[in-house]
Amino acid sequence: MATNCTDYDFLQIEPHWQKLWSDSAAFRTPAIDPSKPKYYVLDMFPYPSGAGLHLGHCENYAITDILARYQRAKGKNVLYPIGWDAFGLPTENYAVKTGRHPREVTIENVATFRRQLKAIGVSYDFEREVDTTDPRYFRWTQWIWLQLFKKGLAYVEEKPVWWCPALGTVLANEEVIDGVSEVGKHPVERRPLRQWVLRITAYAERLLNDLKLVDWPDSTKRMQEAWIGRSEGAELLFALENSALGDLKVFTTRPDTVFGVTFMVIAPEHPLVDALTTPAQREAVAAYRKQAAAKSDLERTDLAKGEKTGVWTGSFAINPANGQKIPVWIADYVIMGYGTGAIMAVPAHDERDYAFAQKFGIPVIQVIEPDHAEGRNGHGTTKLPFVGDGRLVHSDGYSGLGWEEAKKKITADLAARGRGQATINYKLRDWLFSRQRYWGEPFPIVWVNEADYAAATVHAKAAGAALPLPAAPVTCVIEGETRYALPVPEASLPLTLPEVTSYQPTGTGESPLAAITDWVDVWYDAATGHAVPAAQARPAAHYVRARRETNTMPQWAGSCWYYLRYLDPKNDAALAAPEALRYWGGPDIYVGGAEHAVLHRLYARFWHKVLFDLGVVPTPEPFTKLFHQGIILGEDGEKMSKSRGNVANPDDIIRSHGTDTLRLYLMFLGPLEAMKPWNPNGIEGVHRFLQKVWRECVERDTGAPHPKIVDDASATPADLAKLLHETIKKVGDDIEGLRYNTAISAMMIFVNAWQKAERIARRDVLSFLQILAPFAPHLAEELWARIGGAALAPSVGLAAWPAYDPAKLVATEQKVVVQTNGKKRAELLLPVGASESDALAAAQAHPDLVPHLAGKVTKRIIYVPGKILNIVIG
RNA sequence: GCCCGAGUGGCGGAAUGGUAGACGCUUUCGACUUAAAAUCGAAUUUCCGAAAGGGAGUGCGGGUUCGAGUCCCGCCUCGGGCACCA
């Protein structure tokens, strides 16, 4: 089935094999077979943008394709799927600009991606494609969300969120970089809006602890740890001087310094601000709050390096440790979102508190004495602020204690008096989970009033429909009226998007969906999910007036669980069948960029754990092994970008050199995890290598097998046979260790030696083609067919991976380097297992060594058999 | 500021504590050719030397070791992440 070209015509060969693979469904995932080991290779699925595939995609997919082809040859049942993360802003923005439907644009972009992926020869099972915008897919996204909702993990809150006037939408924290939008770099401001929020903080402890269960790059684990940001400390209650106001609760990691508290600080948004502000301070406080609210995150960050600002409330609190009266200030260096939004300030032992105290003339009381000299000035006094460890001073009843011990004791003593308790705090915040956009999954709930909520749930129950109701109803206030979130019945999913004529943001902060009155305001049947526009007559008495949720889910929603859908992508009864979940489990390796190290992987882990708790998935962690490929930079060493004009296009390279060359070169550039610049010159090198393989296999002019390839199994010279087995071993080891660059160089070394041999056994050529096949599958397939591989297997990919013969790897002689005082002087060829005295005798007789040893005393001999003989002389 | 990672020829890079620079690119010379391309062969860290040979050399400064690119300590530079988190 080979082509009939006589030279290496990749333009003919590559499409030829791609068509054969496609027509024969060569990469269809094998059926579940518990007797066979499985291997699941997962790529970070792409966002199908209009720009098509870039080199970064090619790198990512070449890495996984090589693994998938290798594991198939090793006899594993391989699942190697692909899909489309197709909801999201760029498509919607394009739709706004062109007036085309985002679905239409998505379908077009997906077609481009699919064609390009086939053109790079990646062995995906395209029959398992998933598309997050397909209702048959997002039905299950909505289903999972309903489970979260039912568990009380979803709630609604009026939140100050990032509002981007230019985009006309709300952005998540991660979409705001340095105070401007990530997309388009527009300025952003704070604006309170009604939002869905997911209670990821309820899983903080498990998300942190279970990092122990996964084999991830250390840096990624540390990034997640830092993001979760666990800190141990205590919540302490400071009574307010105006006892009618109760207590001020603070979080501190340093309860040992409680005797050094000289003021309190609360965040400008703290709920007690108004109550604590005395009439004399009212004006100053109002001005300060206004000023703080106007600051963008960028300004706050910049100011973090500069001066502290703040204003006194006029009120006092009482230190529970010593009864002292201390002023309560407002300052924006305390943030409402962390801890309790209030702190006890200990200027002597905290840099921020110190800076604040200096600026506002607040006393500084030292309560920790350093154990070591580093904390002291020249004349023996402590350098303040001192944040290191030490012993307590000026702390009645605790002075002299070590700080660790004092933390425990003070916390316990205050707890005994009901003035505090040990707690753990996390930096992780709940997950803002709604967008005011059209192109996303609709939330499968409707808003109804209290009476209708009661009536609707009763009706649904009577009608036999199980609604995923949370224990406590989720409510919010819309236009002055309290509304209840009523989930749609699971059986009515998917809740699809209505058609709209304009994708333009409403500009009010609401999604374009809000403008589709017929969809939004409805008569609604809670038992079936059926709805008719509210403008029509009420169909029946059990229909209630409902308003749909007009927010949509963020892009993360679909990407949080796609790796599960691949296991059983066409199942309409469940997100995946239990047998599929049990057999395939999670991906054996997940390859993707480090840019998703924190958010995507954290969110997916959260959903996975919820599904684990529900018994839907059998494992506590979704991604046991993770690998980040390095970014391919432009020739200039800068990130590839259109504006820089340094983008290399894969299509051009496929046309000029072929995809085998492109793949091989991408893998040869350097370590897969390293960030590396694209260098178009080097591509000739690997292309030459492939041409050389062709020339060694195919006779020029005729296209027949090369005459030096013979059937005599012993035709291959012994040293070439040995090299082949070394190469087979190295390539296998390097693929498993993801060190493809050295695997390729080993194959180059083999081919260089093969070229010098006069004869080679056919079986050895075929073995070589097999190890080349994962990297350059088209060429390997073509040559396999021409050299007679069909006698072994119809396709090179279907032949069992060649075993290397350990007996062939054993040498009879070994090179030993002779050194004097660690300097190389000569090389010896010694029989394997030569003793130290033999080696030394041979060395002493070596002409290169004689002058170095003459007249010197040998002090010591270090002999590492097969490696080195070091003669230490004096 | 804090936490990671990385610094090796003209370039990309290789090297279980054991010959630094594999493999590839680049450049030069040679063979083949009327010529060119392609291909093949040789050279390609640097200094001294005609050569044989010798010295230096993996960001900088120390250390451990018979032996350090690799391990330890202190710096410098670049890249990534976090950043008023109490």
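In the text below, chain A, chain B and the rest are named by the order of the sequence lines, each starting its count at 1.
Comparing B:A86, B:G13, B:U39 by their closest approach to the side chain of A:Q755 singles out B:U39. Candidate nucleotides B:A86, B:U39, B:C84 were compared by shortest atom distance to the side chain of A:V334, and B:A86 ranks first. When distances are taken from the side chain of A:M675 to each of B:C23, B:G13, B:G79, the shortest belongs to B:G79. Closest approach to the A:W227 side chain among B:G55, B:G24, B:C82 is made by B:C82 (side chain taken as heavy atoms from C-beta onward). Here the side chain of A:R860 is nearest to one of B:C25, B:C66, B:A14, namely B:C66. Distances from the side chain of A:F668 to the nucleotides B:C66, B:G12, B:A86 place B:G12 closest. Here the nucleotide nearest the side chain of A:I749, chosen from B:G18, B:A86, B:A22, is B:A22. Considering only the side chain of A:I868, B:U19 comes nearest among B:U26, B:U19, B:C4. Out of B:G13, B:A14, B:A86, the shortest distance to the side chain of A:K676 is found at B:G13. The side chain of A:L669 approaches B:G12 more closely than any other nucleotide in the set B:C66, B:U19, B:G12.
For A:K815 against B:U19, a side-chain-to-base donor-acceptor contact under 3.5 Å is present. Between the side chain of A:K823 and the base of B:U19, no donor-acceptor pair of N or O atoms lies under 3.5 Å. The base of B:C66 is paired with the side chain of A:N870 by a donor and an acceptor separated by under 3.5 Å. A:K859 contributes no side-chain N or O that forms a donor-acceptor pair with the base of B:C66 under 3.5 Å.
A 3.5 Å limit on both hydrogen-bonding distances identifies no Watson-Crick or G-U partner for B:U16. Figure legend. B:A6 is base-paired to B:U77; pairs are counted as Watson-Crick or G-U wobble with both atom distances under 3.5 Å. Look at B:A50: it lacks any Watson-Crick or wobble partner with both distances under 3.5 angstrom. Here B:G67 sits opposite no nucleotide as a Watson-Crick or G-U wobble pair (both hydrogen-bonding atom distances under 3.5 Å).
In this model, the phosphate group of B:G12 is not approached by any side-chain N or O of A:N681 to a distance below 4.0 Å at OP1 or OP2. At B:A86, none of the side-chain N or O atoms of A:Y333 fall inside 4.0 Å of OP1 or OP2 (strictly under the cut-off). Between A:N752 and B:G24, a side-chain N or O to OP1/OP2 separation shorter than 4.0 Å is present. Taking only side-chain nitrogens and oxygens, A:R222 never comes nearer than 4.0 Å to OP1 or OP2 of B:G80.
Looking at heavy-atom distances under 4.0 Å, A:N425 makes no contact with the nucleic acid at all. Within 4.0 Å of A:D353, counting heavy atoms only, lies no atom of the nucleic acid at all. Using a 4.0 Å heavy-atom criterion, one finds that A:Q819 contacts the bases of the nucleic acid, with or without backbone contacts as well. Among the atoms of the strands shown, none is found under 4.0 Å from any heavy atom of A:R739. Counting non-hydrogen atoms under 4.0 angstrom, A:K756 reaches the backbone sugars and phosphates but no base.
For the pair A:S219 and A:N679, nearest-nucleotide mapping onto RNA chain B gives the more 5' position to A:S219. Between A:R695 and A:A746, it is A:A746 whose nearest contact on RNA chain B lies nearer the 5' terminus.
The six-membered or imidazole ring of A:F768 lies near that of A:W754, with a centre-to-centre distance under 6.0 Å. With ring centers used as reference points, A:W216 lies 6.0 Å or more from A:F627. Taking the six-membered ring where the residue is Trp, the centroids of A:Y8 and A:H657 are separated by 6.0 Å or more. Aromatic ring centroids of A:F356 and A:Y354 lie 6.0 Å or more apart. A centroid separation of less than 6.0 Å is found between the aromatic rings of A:Y665 and A:W678.
Here B:G9 is in the syn range [glycosidic angle within 90° of 0].
In this structure, A:K308 is positioned above the aromatic face of A:Y333, its NZ or CZ under 6.0 Å from the six-membered ring centre and within 45° of the axis.
Distance A:W678 CH2 to B:G12 P: 15 Å, rounded to the nearest Å. With rounding to whole Å, A:K729 atom NZ is found 13 Å from B:U16 atom P. A:K867 places its NZ atom 7 Å from the P atom of B:G18, with the value rounded to the nearest Å. Atom CG in A:L666 sits roughly 13 Å away from atom C1' in B:G12 (whole-Å rounding).
A salt bridge links A:R419 with A:D247: the closest approach of a Lys/Arg side-chain nitrogen to an acidic carboxylate oxygen falls below 4.0 angstrom.
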